[in-house]
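Worth knowing before you read on, the calculation uses all heavy atoms, side chains too, and leaves out hydrogens, waters and symmetry mates. Lettering follows sequence order; numbering is per chain, from 1.
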Protein chains: 2
Amino acid sequence: MPVTLKDIAERVGYSITTVSRALAGYDDVAESTRQLILKTAEEMGYRPNATARRLRARRTDTIGFVIPTHGPRFSDPFFSELLAGIGNEAARWELDLLVSTRAPGEEELAAYQRMVTERRVDGLLVVRTRRQDPRIAYLLEKGFPFVAFGRSDLGADFPYLDVDGRQGVRELTEHLISLGHRRIGYISAPLDLMFASHRLEGYKDALEAHGIPLDERLVVIGRLTEQSGYEAGRALLEREEPPTAIIACNDLMALGVISAAQSLGLQVGRNVAVAGFDDIPLAAHAQPPLTTVRQPIYEIGRRICQMLIQLLREGSPEEPHVILRPRLVVRESCGSTRPKGGETDDAELQTYPQQTIRSIPNPVVDKGGVR
Amino acid sequence: MPVTLKDIAERVGYSITTVSRALAGYDDVAESTRQLILKTAEEMGYRPNATARRLRARRTDTIGFVIPTHGPRFSDPFFSELLAGIGNEAARWELDLLVSTRAPGEEELAAYQRMVTERRVDGLLVVRTRRQDPRIAYLLEKGFPFVAFGRSDLGADFPYLDVDGRQGVRELTEHLISLGHRRIGYISAPLDLMFASHRLEGYKDALEAHGIPLDERLVVIGRLTEQSGYEAGRALLEREEPPTAIIACNDLMALGVISAAQSLGLQVGRNVAVAGFDDIPLAAHAQPPLTTVRQPIYEIGRRICQMLIQLLREGSPEEPHVILRPRLVVRESCGSTRPKGGETDDAELQTYPQQTIRSIPNPVVDKGGVR
DNA sequence: AGTATAACCCAAAACGTTTTGGACGTCAAG
DNA sequence: CTTGACGTCCAAAACGTTTTGGGTTATACT
């Protein structure tokens, strides 16, 4: 039987109002009374009922996050890290985080609708935006607060943070070209994913800038999993004229490509170059270490969460449209001649100094009450 | 401005009570009235307010899950898959899932306390149990419903599901011994983790059964990350008398060991055997594919969630103590001579039919008679 | 003495729902 | 004509909190 304001009120002989106001730190309560109430509340182990508060405040102090999966499962380290970033930022502001995992489709949209219409959350985080993204269209139509990781082609305005994947892949591709590669395979993700088409553009940009004609047989579409990268990698490498380098549009697939190459007896970094995108922790420890394009995933999680909080608290994020520039990370998988075992391999300890991260005023100010 | 029962009541000219009861399907509402109300509610886009419902029902229809991390981040695919299992099962029952990520310690316990005392959730899932686990002690003391993944040494009874890690590692170790290995390195996790000490026992069991004396210099403790496995692997392999095989108590560290071995110019599967535990999706696609002990992570997530739901709905899970027997999965990393590229590599499609699920003798048998 | 001011306190309403315990009318049976 | 049963409906309470708009008392000032 949890303790309520009423219980305290009865015990101390004051009204519920007074107890509530004493606990909340209002100054229209005598100091002696407040002390008594504080002490009694402490003794009785009072903790306010979150649900009642929410009903009264017409706020849930909860944000929602639907993790996109392929099939029922997910084990993409990318989302793990994103989730950690979001979760820790939410915790800093004493917000709850409601999480679902759904494969794109009807059920996914239904999950959004449930959160919105039944007012389970105050705002939503939308990740992995898609062409004509129905989630975004829905939220815009409802006027429901959200922040997206990724842009859209809906032609509507909404707050987002994105990474310039086009630029990132362009740099990566140019790096490979500068190493002498001309036949560069590219493993994309389904093109209804915004980031997939952005990154593919970057690949095309680089080829064009260097006068290399696009060979469509070198471009295949994967499902973003390692398994899928493995299959796509084998398919590319078993062609009559195989590519000398392969770019996968995420690290997980790139790891699959490494695996595929090795299963064919190729030496990655010597016989074939492989590169990815994301810089998940596994990338640095792959054998050989994976050349990739780093996006600061954990920080991205924090920042989109921050933006959503600003949107919720102040009506709009300080900066509603943020594009981060990713950074090329050259490692051995594309045959670079960097010294091995260098200290920069220590990805876990790296921060992103080039990243400008604005701090937000101040998260939770404890007034000293029970609240 | 969301639609409430009151809005509908005003529109149709009936009371709030009648609207509520019509919507809820009670039979004390005239059929014609019900139709009108149903139609109007539909038109107006009525959806019940979850918070109000919860307050009234004194239930949150939400379960909580605190993901343990090391440091602020986490990217252990193990938890991703577990989360997916939990999340999908929760969704099936229309339950919300409240997620936090916390490193073990004070803040972690505070997260539990917050969920419990402020009644944010109806029940909790506790994973990666520890010696004298303070979370479990706390929940038991409060009498708060929870289900654990992993046993405890608190000497108290509570519902849990666990995998027999001792048996799993024992089989794994015996497999290596049968291949002729005598100097087998072992990378454990911190021993306050219950699963870590269980698995270590399995290792010792196997050595003892085969008359191999335990060499303590071959046992090191890692932090469960790939980075940590890499470091521990190097440390072991750079000894004067290096082990000929290394077992890591989870796959992520085993991947690090593979990386370490290769960085020293060793060929994994030929010069040194490496094995892990978990069978995360990456294990099958490592190069060489990783010998490991499979636990059906996704299913475990579903099941502990199921157990919690039973506990919440019926007072106790059907089977409050479940121990799953894991299965040895032999792949090339320990030098097996299995044909390569076999179809069984397709881990994503596999189910676990061979899983025998023993329940532990049940002291109290509910006869389910008349009361 | 009367009145303004400050200090302290509280009843009631509100958030949106579900449930309790009836009320009212009609109709059939006695 | 009375009684009981049935079919419909609803006022009010309850969940636990916060806020509004006061009220009461003592003190200080004219």
Side-chain N,O (A/Thr18) to OP1/OP2 (C/dC10) below 4.0 Å
yes

I need the B/Asn49 CG to A/Arg119 CZ distance, nearest 0.5 Å.
5.0 Å

Any N or O donor-acceptor pair under 3.5 Å from the base of D/dA11 to the side chain of B/Thr17?
yes

Could you give the distance from CZ (A/Phe149) to CD1 (A/Ile297), rounded to the nearest 0.5 Å?
8.0 Å

Under 4.0 Å between a side-chain N or O of B/Arg21 and OP1 or OP2 of D/dC9?
no

Determine the contact category for B/Ser20: base if any of its heavy atoms lies under 4.0 Å from a base atom, sugar-phosphate if only primed atoms, P, OP1 or OP2 are that close, otherwise nothing.
base

Answer yes when B/Arg102 and B/Glu108 have at least one side-chain N-carboxylate O distance shorter than 4.0 Å, and no when they do not.
no

Not counting sequence neighbours, which residues clear salt bridge (charged side-chain N to carboxylate O under 4.0 Å, His left out) with A/Arg59? List them please.
A/Asp61

Nearest of D/dG16, C/dT18, C/dG16 to any side-chain atom of B/Arg53?
C/dT18

Charged N to carboxylate O under 4.0 angstrom, B/Lys39 versus B/Glu43?
yes

Is the number of heavy atoms from other residues, nucleotides or ligands under 6.0 Å of A/Arg11 CZ greater than 12?
no

Contact class for B/Thr51 vs. all strands (heavy atom < 4.0 Å): base, sugar-phosphate, or nothing?
nothing

Between A/Arg58 and D/dT18, is there a contact of a side-chain N or O with OP1 or OP2 at under 4.0 Å?
no

Quick one: is B/Tyr26 getting a side-chain N or O under 4.0 Å of the D/dC9 phosphate, OP1 or OP2?
no

Both B/Asp28 and B/Arg56 contact DNA chain C. Taking the nearest nucleotide for each, which residue is further toward the 5' end?
B/Arg56

Tightest non-hydrogen contact, residues B/Leu311 and B/Pro159, listed as CD2-CG, 4.1 Å

Rounded to 10 degrees, the angle between the two terminal axes of the helix from C/dA1-D/dT30 to C/dG30-D/dC1, each from five pairs:
80°

Could you pick out which residue, B/Leu55 or B/Arg34, lies toward the 5' side of DNA chain D when each is mapped onto its nearest nucleotide?
B/Arg34

Measure the distance from CZ on A/Arg54 to P on C/dC15 and round it to the nearest whole Å.
19 Å

5′-ward residue of the pair B/Gly13/A/Asn49 relative to DNA chain D:
B/Gly13

Checking contacts here: which listed nucleotide (D/dT17, D/dC15, C/dC10) is nearest the side-chain heavy atoms of A/Leu5?
D/dT17

